[in-house]
Participant: 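Okay, handing you the structure first.
Nothing here was measured: the structure is a model prediction, and the numbers come from that model.
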Amino acid sequence: MAIILPLAEAAAHLPPRGALVGLDLGTKTIGVAVSDPDRKLATGVTTIARTNFTADAKALLALTAERSAVGFVLGLPINMDGSEGPRAQSTRAFARNFAKLTELPIALWDERLSTRRAAVIDQHAAAFILQGALDRLSNL
């Protein structure tokens, strides 16, 4: 079972190199982005239309294997006042269920720290989330 930690703590559990998969969990879609193995650049790859957890997880794991990814970065939608609402709770629940299906570490990244998050959708949002996390990791 995978560990689920805030990004700064998850960093210690990630190998020094290898692609990370960034996820923007929406109610209807999951935006997916992937980094290069050196974790310099995040690129939006696809948007998965959500059906049910099992199908969504299977699609994500297949994509992760294709890209030889070594971990996940999940955007955590925290409210501006720092509290967690229903969306954050839903993201944490997804992470807990997903962790049972993979050994790869799952890093939670505060979406508030991603640039102009509201202006973009799906895989572009996932790319913004992942890029913010990559920039933070490079400074740890």
Side-chain angles (χ1 to χ4, degrees):
M1 190 159 119
I3 55 152
I4 305 167
L5 293 169
L7 182 73
E9 294 168 41
H13 298 272
L14 293 168
R17 281 189 88 244
L20 297 178
V21 174
L23 303 175
D24 178 52
L25 295 178
T27 50
K28 295 184 172 66
T29 60
I30 300 173
V32 183
V34 178
S35 77
D36 61 294
D38 291 321
R39 301 186 197 142
K40 301 283 186 235
L41 188 66
T43 307
V45 253
T46 190
T47 300
I48 296 171
R50 294 187 80 166
T51 51
N52 61 57
F53 175 78
T54 306
D56 300 346
K58 190 175 173 186
L60 288 172
L61 291 170
L63 196 132
T64 303
E66 270 171 37
R67 304 277 175 153
S68 305
V70 297
F72 296 94
V73 174
L74 229 65
L76 188 63
I78 294 175
N79 297 325
M80 281 315 202
D81 66 2
S83 65
E84 291 193 14
R87 282 193 60 223
Q89 291 163 1
S90 165
T91 298
R92 286 189 185 277
F94 181 93
R96 281 191 302 273
N97 290 328
F98 195 60
K100 295 173 188 162
L101 304 176
T102 181
E103 294 292 316
L104 302 179
I106 299 170
L108 299 175
W109 173 243
D110 182 346
E111 287 186 6
R112 293 177 302 174
L113 306 172
S114 298
T115 327
R116 292 195 181 86
R117 167 74 183 81
V120 292
I121 54 166
D122 305 332
Q123 77 233 36
H124 300 294
F128 271 114
I129 290 165
L130 183 55
Q131 189 63 55
L134 295 175
D135 294 346
R136 178 72 184 100
L137 282 171
S138 72
N139 291 315
L140 285 178

Participant: For residues Phe53 and Leu101, determine if any side-chain heavy atom of one lies less than 4.5 Å from a side-chain heavy atom of the other.
Facilitator: yes

Participant: Can you sort out the partners of Thr46 under side-chain contact (heavy atoms from CB on, under 4.5 Å), two or more places apart, ordered by chain and number?
Facilitator: Val32, Ile48, Leu63

Participant: Which heavy atom in Ala88 sits nearest to a heavy atom in Pro77, and how many Å separate them?
Facilitator: CB-O, 3.6 Å

Participant: Looking at Leu76, is its backbone amide N or carbonyl O close enough to the side chain of Thr91 to form a donor-acceptor pair, meaning the two atoms are under 3.5 Å apart?
Facilitator: no

Participant: Taking all atoms of both residues into account, what is the closest heavy-atom pair of Leu130 and Gly22, and its distance?
Facilitator: CD2-N, 3.7 Å

Participant: As an exercise, state the distance from CG of Leu7 to CG of Leu137, rounded to the nearest 0.5 Å.
Facilitator: 4.5 Å

Participant: Restricting to pairs with a member in residues 30-40, which pass salt bridge (charged side-chain N to carboxylate O under 4.0 Å, His left out), not counting sequence neighbours?
Facilitator: Arg17-Asp38

Participant: At what distance, to the nearest 0.5 angstrom, does CG of Asp110 lie from CD1 of Ile129?
Facilitator: 10.0 Å

Participant: Could you give all pairs that pass the salt bridge (charged side-chain N to carboxylate O under 4.0 Å, His left out) test and reach residues 53-69, with sequence neighbours left out?
Facilitator: Arg50-Asp56

Participant: Hydrophobic side-chain clustering at under 4.5 Å (ILVMFWY, transitive links): who's grouped with Leu5? Put none if nobody.
Facilitator: Ile3

Participant: Taking all heavy atoms of Ala107 and all of Ala10, pick out the closest pair and write down the distance.
Facilitator: CB-CB, 3.6 Å

Participant: Quick one: pull up NE2 in His124 and OG1 in Thr43 and give me the separation to the nearest 0.5 Å.
Facilitator: 11.0 Å

Participant: Do Leu74 and Phe98 have side chains that get closer than 4.5 Å, going by heavy atoms?
Facilitator: no

Participant: Calculate, to the nearest 0.5 Å, the distance between atoms OG1 and CG belonging to Thr102 and Leu60 respectively.
Facilitator: 10.5 Å

Participant: Indicate the atoms forming the closest heavy-atom contact of Ala127 with Ala42, along with that distance.
Facilitator: O-CB, 3.5 Å

Participant: Measure the spacing between CG of Leu20 and CH2 of Trp109 and express it to the nearest 0.5 Å.
Facilitator: 12.5 Å

Participant: With sequence neighbours excluded, tell me which residues meet side-chain contact (heavy atoms from CB on, under 4.5 Å) with Lys100.
Facilitator: Met1, Asn97

Participant: Please enumerate all residues that pass side chain to side chain donor-acceptor pair (under 3.5 Å) together with Thr64, with sequence neighbours excluded.
Facilitator: none

Participant: Sequence neighbours excluded, which residues qualify as side-chain contact (heavy atoms from CB on, under 4.5 Å) partners of Ala8?
Facilitator: Leu140

Participant: Could you name each residue pair satisfying salt bridge (charged side-chain N to carboxylate O under 4.0 Å, His left out) that touches residues 68-77, not counting sequence neighbours?
Facilitator: none

Participant: Would you please name every residue forming a side chain to side chain donor-acceptor pair (under 3.5 Å) with Glu84, sequence neighbours left out?
Facilitator: Arg92

Participant: Please enumerate all residues that pass side chain to side chain donor-acceptor pair (under 3.5 Å) together with Asp81, with sequence neighbours excluded.
Facilitator: Ser83

Participant: Minimum heavy-atom separation for Pro105 and Val70, please, with both atom names.
Facilitator: CD-O, 3.4 Å

Participant: Output all residues satisfying side-chain contact (heavy atoms from CB on, under 4.5 Å) with Asn52, sequence neighbours left out; order by chain, then residue number.
Facilitator: Thr54, Ala55

Participant: What closest approach, in Å, do Gln123 and Thr47 show between heavy atoms, and which atom pair accounts for it?
Facilitator: OE1-OG1, 2.6 Å

Participant: Taking only residues two or more places apart in sequence, or in another chain, which ones meet Asp135 in a side chain to side chain donor-acceptor pair (under 3.5 Å)?
Facilitator: Gln131

